[in-house]
K.L.:
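Take this structure first; my questions come after.
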Amino acid sequence: MPPSRSAAPDGQRDRPGFVLLTSHWLTRLGLVLVITAICTWLFFLPAGHSEHGGENPYRGLVVYLILPSVFALGLVLGVIGVFAGRKRIRDRLAAGTLNSATAVRGLIVFLAVTLAGNLLIGSQASYRAIQYLETPQFCGGVCHSERPEFVAHRDSNHASVACAECHVAPGQAGWIQSKMNGTRQLWQEITNTYERPCPPALASGRLVPSRETCEHCHWAQKIVATRLLLIPSYAEDERNTVSYTVLLMLVGGTRMQGIHNAHFAGGYEIRYAASDAMRETIPWVERRNTRTGETQTYLADGTKADQAAGLDKHTMQCVDCHNRPTHDFLLPGRALDRALALGRIPNTLPFVKKEGLALLKADYASNAEAAWKIPEAIAAYYAKGYPQIAAERPADVAAAGKAIAAVYDRNVFLDQKVTWGTYANNLGHVDFPGCFRCHDGSHETSDKKHAINQDCSSCHEVLAQDEESPAILKKLGVWDHIEAMKSR
Ligand code: HEC
Ligand code: HEC
Ligand code: HEC
Ligand code: HEC
Ligand code: HEC
C-alpha cells in the first residue's frame, strides 16, 4: 500500500517554501540577487534623493537603474528555477514528503510577498528612475560625450531648465523616442564609438521642433519691443582699454514691427534650404503668405532654381536664430572680455588680455595640461616682465591665471574634439555668419527687384560702436553706474 500523503510523519516533511526556493540552483542564485539588491538599496537610500546640485551622477545610475535591474533579474531567475526544478518538487510530492496543499499555500504566500516587494520597489524605483533620467546629472554627468553641453548649460540663463524640456517632445511618444535615442547613445558611450565632436542637434536632425519645447515657455506673440545691449570689449594694450558697443535690438513681436515680427507675423512662413548639414550655406529662401498662398523666393547670388530643388527644406523656427540659448561656446576674445567684465580677471594687470588671448590660443595636449600650464605661464609672465607687480599683487596674478584657465575649460573640450569655434552661434553676424546667411544682400528675387534686407537699422540701432565713453550711455544716465562698477 502506497503511503498516503497525510500518513507521512510530521518530522519527515520538508518546509514547502524552503523546497521551492532551494530546489534548483537558479532559484538559489535569484534569491541571492534579490537579497543583495534590497540590502544595497537600503544602504543607498539614506544618501538622500536630491535631484539637483553636486550629486554624484553614478549614484543615481546605481540606485535607479542598476539595483532595480538586479532585483528584477533575481525574481525572474527565481521563477525560472522553480519551473526548471518542478520535476524534483513533483518527486517529493509523489514521495509524500511534501504536502501539496501546504506547498500551494506556501507558493501563493511567496508570490504575494515578492510581488508586493516588487511593486513597492519597482514603482518607487521606476518613478525615481524616470525623474533621474530627465536630470542634467544623468544627461550630461554620466555621458562624457555630452560634457561640453552640460558645462555650458550650467553656466547659462537656462541653468534651471532641465535638458528634457528642450530635448524631449511632450507626451509618451516623445518620451519613448528619447529613451531609444538614450539607449543608442549609452551603447555608443560604452563601446566608445560616439562621434567627436557631437554633431549639433539641428545638423543631425534630432532636435525636437521649437513649437514643442521653447514655445511652452516663450512665445513669439510676446511684445518685447526693444532690448538695449551693452557689449564691452578690452583692447590688447598695456591698460586693457575697455570700449563699448551699444545696440538697440528691434525685437518687436508678432503684433509689432521688428525681428520676431518679420519672421513670424500672422500668416507668414519662411522656409529655407541649406547645402550643408550645419546649415551655414543657405542658397534658397521662401517667404509665403499662408492666407493668400502668395510666395516670394530668394536665391543666393549664383544659385540656379534647379540646384536648390533637390535640397531638404526647413521651416524657420526659434532655434534657427537662437540655436545656442544654453550651449553657448564663445570665441577666445569674447570669452576673455566676459571674464574681464565680470571682474574674474583683474583688468588692472598690464597686458592681461593680450597674454590671456595668446595662452588660450596655444596648443595643449589635454584640458588637464592647460589647467596647470596657463596659471604657470601667467605667473612667469609677471615675474619676468613686472617683478614689482608679481611681488605686490600675487593674489591678483594667481586669480588671473586661474580665471583664464577656467575660460579655457568652459569652452574647449579636447577629448571631445570641441575647440574654439566648433559650434557656431547664429544669433548675430560678427563671429559667425548667423543672420547674414540670408541677410547678406545677395539673396534676391528672380526679378532682382527685392533682396533680403541688409539695412543695419532694420535689426538694430547701432547707438555706439567701440567707443571708450559713449555719449549715449551718459545721456541714458548709466555711465556713472558703469564707472562705479569698473572701479570696484
Ligand atoms: C533651453 C533649451 C535647451 C536646454 C535646457 C538644453 N539644450 Fe541641448 N541643445 C539645445 C539646442 C537648441 C541645441 C541645438 C544646437 C544646434 O543644433 O546648433 C542643443 C544641442 C545639444 C547637443 C548636441 C551638440 C550641440 O552642442 O549642438 C547635446 C549633446 C545637448 N544639446 C545636450 C544637452 C544636455 C546634456 C542638456 C542638459 C544638461 C541640454 N542639452 C539642455 C537646447 C537646449
Ligand atoms: C521650461 C521653460 C523654458 C524652456 C523650455 C525654454 N526656455 Fe528660454 N528661458 C526660460 C527662462 C526661465 C529664462 C530666463 C528668463 C529671464 O532671463 O528673464 C529664459 C530665457 C531665454 C532667453 C533670453 C535670455 C538671454 O540670454 O537673452 C532666450 C533668447 C530664450 N530663453 C530662448 C529659448 C529657446 C530658443 C528655447 C528652446 C530651444 C527656450 N528658450 C526654451 C525658460 C525656458
Ligand atoms: C530671425 C531670428 C530670430 C528668430 C527666428 C527668433 N528670434 Fe528671438 N530674438 C532674436 C534676436 C536678434 C533677439 C535679441 C537678442 C538680444 O537682445 O541679444 C531675440 C530675443 C528673444 C528673446 C529675449 C527677449 C525677451 O523676451 O526678453 C526671447 C525670449 C526670444 N527671442 C524668444 C524667441 C522665440 C520663442 C522664438 C520662436 C518663436 C524666437 N525668439 C525666434 C532673433 C530671433
Ligand atoms: C533663413 C533665412 C533667414 C535668416 C537666417 C534670417 N532671416 Fe531675417 N528675414 C528673412 C526673410 C526671407 C525676410 C523677409 C524679406 C525681407 O523683408 O527682407 C526677413 C526679414 C527680416 C527683417 C525685416 C526686414 C525689413 O525689411 O523690415 C528683420 C528685421 C530680420 N529679418 C532680422 C533677422 C535677424 C536679426 C536674423 C538673425 C538673428 C535673421 N533675420 C535671420 C530670412 C532670414
Ligand atoms: C538681419 C539683421 C541684422 C542686420 C541687417 C545687421 N545686424 Fe548687426 N547684429 C544683429 C544681431 C542679431 C546682432 C547680435 C546681437 C547679440 O549679440 O545678441 C548684431 C550685432 C552687431 C554688432 C555687435 C558686435 C559685437 O561686438 O558683438 C555690431 C557692431 C553690428 N551688429 C553692426 C552692424 C552693422 C554696422 C550693420 C550694417 C552693415 C549690421 N550690424 C547689420 C543683426 C543685424
Side-chain angles (χ1 to χ4, degrees), residues 134-143 145-154 156-167 185 194-195 197-208 210-211 213-229 231-233 244-254 258-264 270 278-279 316-329 333-334 337 416 418 422-431 434-441 452-460 462 464-466:
E134 318 271 83
T135 59
Q137 279 76 30
F138 176 76
C139 301
V142 173
C143 293
S145 53
E146 300 200 346
R147 211 183 105 75
E149 283 71 28
F150 176 62
V151 169
H153 172 260
R154 215 168 40 188
S156 83
N157 285 337
H158 286 104
S160 57
V161 175
C163 316
E165 300 268 12
C166 291
H167 285 293
Q185 276 167 278
Y194 59 86
E195 262 183 271
C198 178
L202 268 172
S204 59
R206 295 220 179 86
L207 198 66
V208 177
S210 307
R211 188 145 295 158
T213 55
C214 322
E215 292 187 48
H216 282 172
C217 300
H218 305 286
W219 45 96
Q221 291 84 342
K222 180 182 171 193
I223 298 174
V224 183
T226 56
R227 258 190 141 198
L228 194 72
L229 284 192
I231 308 167
S233 76
Y244 299 90
T245 294
V246 186
L247 296 179
L248 190 66
M249 302 301 302
L250 308 175
V251 183
T254 46
I259 299 166
H260 283 170
N261 178 74
H263 304 85
F264 293 107
I270 293 177
M278 306 289 263
R279 307 189 185 181
M316 203 162 174
Q317 48 174 340
C318 313
V319 287
D320 284 308
C321 297
H322 297 282
N323 68 329
R324 299 268 147 210
T326 193
H327 314 301
D328 198 10
F329 302 99
R334 281 220 192 260
D337 286 345
Q416 302 305 323
V418 171
T422 299
Y423 294 115
N425 185 338
N426 291 329
L427 196 75
H429 53 82
V430 177
D431 295 345
C435 312
F436 285 10
R437 292 174 299 162
C438 297
H439 289 268
D440 61 351
I452 300 179
N453 205 334
Q454 201 185 15
D455 178 10
C456 316
S457 59
S458 66
C459 298
H460 47 52
V462 183
Q465 193 166 352
D466 278 325

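Counting starts at 1 for both ligands and their atoms, following the listed order.
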K.L.:
Of the choices C438, G428, P232, S233, which has the non-hydrogen atom that lies closest to atom 14 (C) of ligand 5?
P.N.:
G428
K.L.:
For ligand 5, which atoms sit closer than 4.0 Å to a heavy atom of R334?
P.N.:
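Listed by number with element, the hits are 25 (C), 26 (O), 27 (O).
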K.L.:
Just need the protein heavy atom nearest to atom 16 (C) of ligand 1, so name the residue and atom and give the distance.
P.N.:
R324 NH2, 3.5 Å
K.L.:
May I ask which of C318, C435, G434 has a heavy atom nearer to atom 36 (C) of ligand 3 than the others do?
P.N.:
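Nearest heavy atom to atom 36 (C) of ligand 3 lies in C318.
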K.L.:
Counting heavy atoms only, name the option from Q465, H429, R227 that's nearest to atom 30 (C) of ligand 5.
P.N.:
H429
K.L.:
For atom CD of E195, is the number of surrounding heavy atoms from other residues, nucleotides or ligands below 6.0 Å larger than 12?
P.N.:
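It does not: E195 CD has 12 such atoms or fewer within range.
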K.L.:
Considering only non-hydrogen protein atoms, determine which one is nearest to atom 18 (O) of ligand 3 and report residue, atom name and distance to 0.1 Å.
P.N.:
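Looking at atom 18 (O) of ligand 3, the protein heavy atom closest to it is L229 CD1, 3.6 Å.
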K.L.:
Check each atom of ligand 5 against the heavy atoms of C459 and keep those under 4.0 Å away; list them by number with element.
P.N.:
1 (C), 2 (C), 3 (C), 4 (C), 5 (C), 42 (C), 43 (C)
K.L.:
Check this for me - ligand 3, K222, N or O atoms closer than 3.5 angstrom, yes or no?
P.N.:
yes
K.L.:
At a 4.0 Å cut-off, with the gap strictly under it, does some heavy atom of D320 reach an atom of ligand 3?
P.N.:
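Flag not set, D320 not near ligand 3.
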K.L.:
Examine Q454 against ligand 5 and note whether any of their N/O atoms are separated by less than 3.5 Å.
P.N.:
no
K.L.:
Ligand 5 and D455, any nitrogen or oxygen pair closer than 3.5 angstrom?
P.N.:
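No - when backbone and side-chain N and O of D455 are compared with those of ligand 5, no distance drops under 3.5 Å.
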K.L.:
Using heavy-atom distances only, which candidate in C456, G333, A464 approaches atom 38 (C) of ligand 5 most closely?
P.N.:
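Looking at heavy atoms only, C456 sits closest to atom 38 (C) of ligand 5.
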K.L.:
Please list the nearest protein heavy atom to atom 39 (C) of ligand 1 with its residue and the distance rounded to 0.1 Å.
P.N.:
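Answer, as residue, atom name and distance: H327 CE1, 3.2 Å.
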K.L.:
Of all the atoms in ligand 5, which lie at a distance below 4.0 Å from a heavy atom belonging to M249?
P.N.:
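Those of ligand 5 that fall under 4.0 Å from M249 are 11 (C), 12 (C), 15 (C).
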K.L.:
For ligand 3, note which part of Q317 has a heavy atom under 4.0 Å away: side chain, backbone, both or neither.
P.N.:
backbone
K.L.:
Check C214 against ligand 3 and report side chain, backbone, both or neither, counting heavy atoms closer than 4.0 Å.
P.N.:
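Neither; nothing of C214 gets under 4.0 Å from ligand 3.
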